[in-house]
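Report on the structure given below.
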Amino acid sequence: MSDSNTINFTNYSTFILLGIPGLEAAHVWISIPFCTMYIIAILGNFTILFIVKMEPSLHGPMFYFLCMLSITDLVMSTSTIPKMLSIFWFNSREISFSACLTQMYFIHCFSTMESGILVAMAFDRYVAICNPLRHSTILTKSVVAKIGLAVVLRSGILTLPYPFLARRWPYCRTNIIPHFYCGHIAVVKLACADIRISSYYGLFNLFSEIGMDLFFIAVSYTLILRAIFRLPTKDAQFKTFGTCISHLCAILALYIPDLFSSLTQRFGHNVPLHLRVLITSMYLVVPPMLHPIIYGVRTKQIRGRLLQLFTHKKT
């Protein structure tokens with residue numbers, strides 16, 4: 001006969017997601033900006049994919065990586081926002097244990113994948129600026145495919161321990177998650193066991209994957225800036241650096257909310273719970289919304305193709 005301290009939560013069927021604790025009365029109003037951002041993210045990223053597919057001149061490394069980023073944004077936002085809206089609109093708070101673990105895997109996997117794609121895009125910018133004559137021979141379609149496969153495998157494999165660790169803990173306290181999705185830390189905090197392994201592995205992933213990605217991006221842009229400053233005129237320097245602006249904005253849109261979210265989940269005990277949940281939500285919905293806007297506005301080829309679509313002019 002097992003005692004209450006060893007009852008495994010998998011004997012039950014569901015978790016209960018609270019949404020944004022403390023702001024339940026405002027859920028309907030909060031849903032409006034989130035729904036708007038989600039619609040923009042869906043339309044914007046599908047538009048990027050459509051334009052790149054239909055325009056042969058965009059079939060190059062930079063735009064292949066951009067398509068990977070758009071797909072990642074679509075999956076990451078769709079794995080969380082519809083459930084959030086169902087909580088806000090229909091009070092549909094239940095989620096099965098298996099669905100919760102699946103959502104956990106997809107969120108963390110595609111968040112890491114997005115980071116890896118930004119590293120690949122930084123490498124593309126480095127080659128394009130520092131070795132422009134060799135760009136097409138270095139970043140062939142085969143190399144781009146291998147980089148994409150490496151990013152997917154790294155994310156998929158390193159995220160696997162999250163649901164497996166969460167499944168092995170005994171859950172005998174409560175099945176109520178004070179959040180609108182099944183994040184790794186939010187779930188394992190409900191366990192009535194020593195969860196230091198889960199916590200340490202989460203920190204390891206945060207600093208090894210995100211930290212390593214930021215390191216490689218920093219190295220790439222250090223070399224890029226050195227090459228830019230060697231250009232003979234200010235106009236050439238500004239024009240060359242302008243090709244990097246959209247990528248830098250995409251980096252800031254992802255990493256700032258992601259780092260704030262990860263650190264406040266673990267160390268922000270003095271931060272009100274509803275504020276921590278709102279900060280976390282930013283990195284799930286803001287980057288997928290901003291990325292197509294940034295690249296649509298800043299990338300000349302995409303902007304030109306968009307204008308053609310809306311004005312029905314032929315090239």
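- Qualifying side-chain hydrogen bond (donor to acceptor under 3.5 Å, both in side chains) partners for Ser111, counting only residues two or more places apart in sequence or in other chains: none.
- Considering only residues two or more places apart in sequence or on other chains, Arg230 meets the side-chain hydrogen bond (donor to acceptor under 3.5 Å, both in side chains) condition with none of them.
- With sequence neighbours left out, the side-chain hydrogen bond (donor to acceptor under 3.5 Å, both in side chains) criterion links Ser31 to Trp89.
- Listed by first and then second residue, the disulfide (SG to SG under 2.5 Å) pairs that reach into residues 130-166 come to none, sequence neighbours excluded.
- The aromatic rings of Tyr162 and Tyr201 lie perpendicular to each other, with more than 60° between the two planes, well past the 30° mark.
- By the side-chain contact (heavy atoms from CB on, under 4.5 Å) test, Thr72 is found to be paired with Phe110, Met113, Glu114, Ile117, residues two or more places apart in sequence or in another chain being considered.
- Residue pairs meeting the salt bridge (Lys or Arg N to Asp or Glu O under 4.0 Å) criterion with at least one member in residues 35-53: none, sequence neighbours excluded.
- Counting only heavy atoms from C-beta outward, the side chains of Asp73 and Ser70 never approach each other to under 4.5 Å.
- By the side-chain hydrogen bond (donor to acceptor under 3.5 Å, both in side chains) test, Tyr221 is found to be paired with His247, residues two or more places apart in sequence or in another chain being considered.
- Residues Val187 and Ile177 form a side-chain contact, since some pair of their non-hydrogen atoms from C-beta on lies under 4.5 Å apart.
- With a 4.5 Å cut-off on side-chain heavy atoms, Leu49 and Leu74 count as touching.
- Among residues at least two apart or in separate chains, there is no salt bridge (Lys or Arg N to Asp or Glu O under 4.0 Å) pair with a member in residues 34-51.
- Pairs engaging residues 73-111 under the disulfide (SG to SG under 2.5 Å) rule: Cys100-Cys182 [sequence neighbours left out].
- Dense packing is recorded around OH of Tyr255, with more than 12 heavy atoms of other residues, nucleotides or ligands lying under 6.0 Å away.
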Donor-acceptor pairs under 3.5 Å, side chain of residues 132-139 to any protein atom, not counting sequence neighbours: which ones?
residue : atom : partner : partner atom : Å
His135  : NE2  : Asp124  : OD1          : 2.8
Thr137  : OG1  : Arg134  : O            : 2.8

Inset, instruction - Evaluate the side-chain contact (heavy atoms from CB on, under 4.5 Å) criterion for residues Phe65 and Ile147: first the C-alpha distance (whole Å), next the side-chain angles of each, then the deciding distance (0.1 Å), finally the verdict. - result: CA-CA 9 Å; Phe65 289 135; Ile147 291 173; 4.0 Å; yes
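- Using a 4.5 Å heavy-atom threshold, the side chains of Phe63 and Ile48 count as separate.
- Between the OG1 atom in Thr47 and the CD1 atom in Ile40 there is a gap of 11.5 Å [rounded to 0.5 Å].
- Taking Phe88 as the reference, His27 meet the ring-ring contact (aromatic ring centres under 6.0 Å, His included) condition, with sequence neighbours excluded.
- For residues 145-165, the salt bridge (Lys or Arg N to Asp or Glu O under 4.0 Å) pairs, not counting sequence neighbours, are Arg154-Asp213.
- In this structure, Tyr171 and Phe97 have perpendicular ring planes: the angle between them is above 60°, well past the 30° mark.
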